[in-house]
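First comes the structure, then the notes that go with it.
Every number for a ligand or one of its atoms is a count from 1 in the order of the listing.
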Amino acid sequence: MPSFLRIEGTKIVDGEGKEVILRGAGLGGWMTMENFITGYPGCEFQIREALAQSIGEEKAGFFFDKFLEYFFAEADAKFFKSLGLNCIRIAINYRHFEDSMNPRVLKPNCFAHLDRVVKVCAEQGIYTILDMHTAPGGQNGGWHSDHGTHIAGFWIHKDFQDRLIWLWTEVAKHYKDEKWIAGYNPMNEPADPKHSGLVLFYDRVLAAIRAVDPRHSLFFDGNTFSTDFSGFPDDVASRWPNVAYAIHDYSVYGFPKTPEPYARTEEQRRRMHRSYEKKRAWLDERGLCVWNGEWGPVYARRAYDGNATDEINERRYNVLSDQLELYHKDRLSWSIWLYKDIGFQGMVYVAPETPYIQLFQDFLQKKYRLAVDSWGADDKSVKHAYDPIVNLIKEAVPNEEDRRLYPFPVWSVEERVARLARCQLVSEFMVLEWADHFKGKTEEELDKLAQSFKFENCHQREGLNKVLTDHAKQIAEVAAEIA
Ligand SMILES: O[C@@H]1[C@@H](O)[C@H](O[C@@H]2CO[C@@H](O[C@@H]3CO[C@@H](O)[C@H](O)[C@H]3O)[C@H](O)[C@H]2O)OC[C@H]1O
């Protein structure tokens, strides 16, 4: 039997006080579907509404339920365990539990899929961390917080905050005795322009969870997409006991928009190291426990990147390996993004010959050409269309300071235009087209489409999995030495 994990100083430890290093991946795209992970445009609530409009509520409900059933099952957990990994961070969308038109009422059976996956993981000796990836109103302006705009409404409406506190109380009540849950991650990638709202939220959520579940550890993301702790109070060690802090350490070298191809030069390694150290410096100065809750490159695909694919991916595996080397030196717990998708970032990905990918082949090409997903997108075919908007803003607002809108510099003017114009506006017009692909399908056909996401119908990204396994082995060796 496992024991509840807890945070002691800089370490995560088990019931006997032995250090535990969590190494694993994020289960994104499942209970929080995302555009590039599952292949739709826009965000999850939009495609759910559109599918109901296209094929009716009942059939849409059937498809999404089957999708949830197949996306992660025992075969996934067994495979994950076989790689030497021990923790899955599960991204959950608040909308599964509570309807915004019927707030503060739990939906019937809302824990069923989550219970099943926590159990399937536990049976393989895999810890889980529950990550609230979306908050009512949106905790950041990204597609992944599933609210459809770039303004993070959570920070300006107290009622949204009250609802999330209520929901966490319900979740914690439900899982309070589950020892295989390593802890709760109350909010993914907050982006609170004032910082103070986040601190108040953490005060409140900690008190609410601890009132019903005093044993589970909490994992608090830094502000501004889990990169900035400078607005946190100095007394967090005493104010927030049994808490670890999440950085998200995406390296610029892992993406198509890299400053230059990663060649493992001393300068590049120094830059990679510096960016990682910068995110954790505030925590290190105070002796706090750091967890890297998201990181990892995206990969080239033959269908889009042609002959350059292998070379690009070798470089990306090197980025991955060099990041892991840094983490290993610090005995850092980490959770790579992403376990499963349709072939951009995941450790396993839906095979091209499956019904789902076959059905959406042309649509996916169109999405790629229009660069409607902002995550790792290559905008070469549409840059000419958006540059004039960027230039117009720069000319109209000549004072650079005035263009530094939060979350600058993560969002430059270019990035803001990309997110709003491509990922929200153009995407919005493509949502119905995605849904219309399902028109006229029988339940049996819908079931087959959903089955495309089954482990048995996926390929494995072997280069990535090998790097992870090699590092997991090193960690296991160190753990054995300590024991
Ligand atoms: O659901 C995930 C989501 O959590 C993730 O969000 C992005 C993470 O990276 C953010 O940008 C980074 C900020 O820090 C800098 O140091 C890095 O260089 C940037 O890459 C980005 O704004 C978030 O949207 O993205 C993937 C989703 O699937």
Side-chain angles (χ1 to χ4, degrees), residues 25-40 42-44 89-94 129 131-135 138-147 149-150 152 185-192 219 221-230 246-259 262 268 271-281 291-299 316 319 323 334-347 349 373-377 405-412 414-420 422-424:
L27 181 54
W30 178 58
M31 280 188 80
T32 306
M33 295 174 85
E34 287 190 37
N35 49 22
F36 77 92
I37 304 180
T38 334
Y40 62 77
C43 56
E44 181 174 355
R89 173 179 181 249
I90 307 178
I92 54 179
N93 187 333
Y94 82 93
I129 293 178
D131 143 38
M132 192 62 74
H133 220 70
T134 75
Q139 75 278 21
N140 60 45
W143 72 94
H144 44 87
S145 55
D146 193 25
H147 68 299
T149 81
H150 72 294
N185 187 193
M187 178 173 278
N188 178 60
E189 297 195 336
D192 167 21
F219 295 79
D221 280 31
N223 200 16
T224 316
F225 305 101
S226 319
T227 60
D228 179 13
F229 296 87
S230 62
I247 59 167
H248 287 183
D249 189 31
Y250 288 103
S251 166
V252 290
Y253 298 116
F255 292 84
K257 267 199 219 142
T258 173
Y262 189 61
Q268 290 175 332
R271 189 167 170 184
M272 180 189 279
H273 193 182
R274 177 74 201 115
S275 146
Y276 160 60
E277 270 187 338
K278 208 168 126 195
K279 287 171 201 141
R280 57 177 293 162
W291 170 59
N292 184 4
E294 270 185 39
W295 63 287
V298 298
Y299 297 96
R316 303 272 166 84
V319 172
Q323 284 189 277
W334 47 259
S335 184
I336 197 169
W337 194 251
L338 178 73
Y339 173 62
K340 186 184 276 183
D341 70 355
I342 58 165
F344 193 37
Q345 194 168 24
M347 294 163 57
Y349 57 96
D373 301 337
S374 39
W375 189 235
L405 302 183
Y406 184 82
F408 180 87
V410 180
W411 287 16
S412 57
E414 287 79 359
E415 180 68 13
R416 209 172 184 94
V417 168
R419 297 236 177 187
L420 270 74
R422 300 196 329 241
C423 194
Q424 290 174 15

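Within 4.0 Å of ligand 1, contacts by protein heavy atoms are made from Glu34, Phe36, His133, Trp143, His144, Asn188, Glu189, Phe225, Thr227, Tyr250, Lys279, Glu294, Trp337, Trp375, Val410, Arg419.
Ring centroid separation for the pair Trp375 and Phe344 does not come in under the 6.0 Å cut-off.
Under the ring pair (Phe, Tyr, Trp, His ring centres under 6.0 Å) rule, Trp295 has a single partner from Phe225, Trp334, Trp337, which is Trp334.
Between Phe36 and Trp143, the ring-plane angle classifies as perpendicular under the 30° and 60° cut-offs. In this structure, Tyr250 and His248 have perpendicular ring planes: the angle between them is above 60°, well past the 30° mark.
In summary, the side chains of Asp146 and Thr134 do not present any donor paired with an acceptor at a separation below 3.5 Å, with no hydrogens or angles considered.
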For this session: Take Lys340 and Tyr349, measure what side chain to side chain contact (heavy atoms under 4.5 Å, CB included) needs, and give me the verdict at the end.
Result: CA-CA 5 Å; Lys340 186 184 276 183; Tyr349 57 96; over 6 Å; no
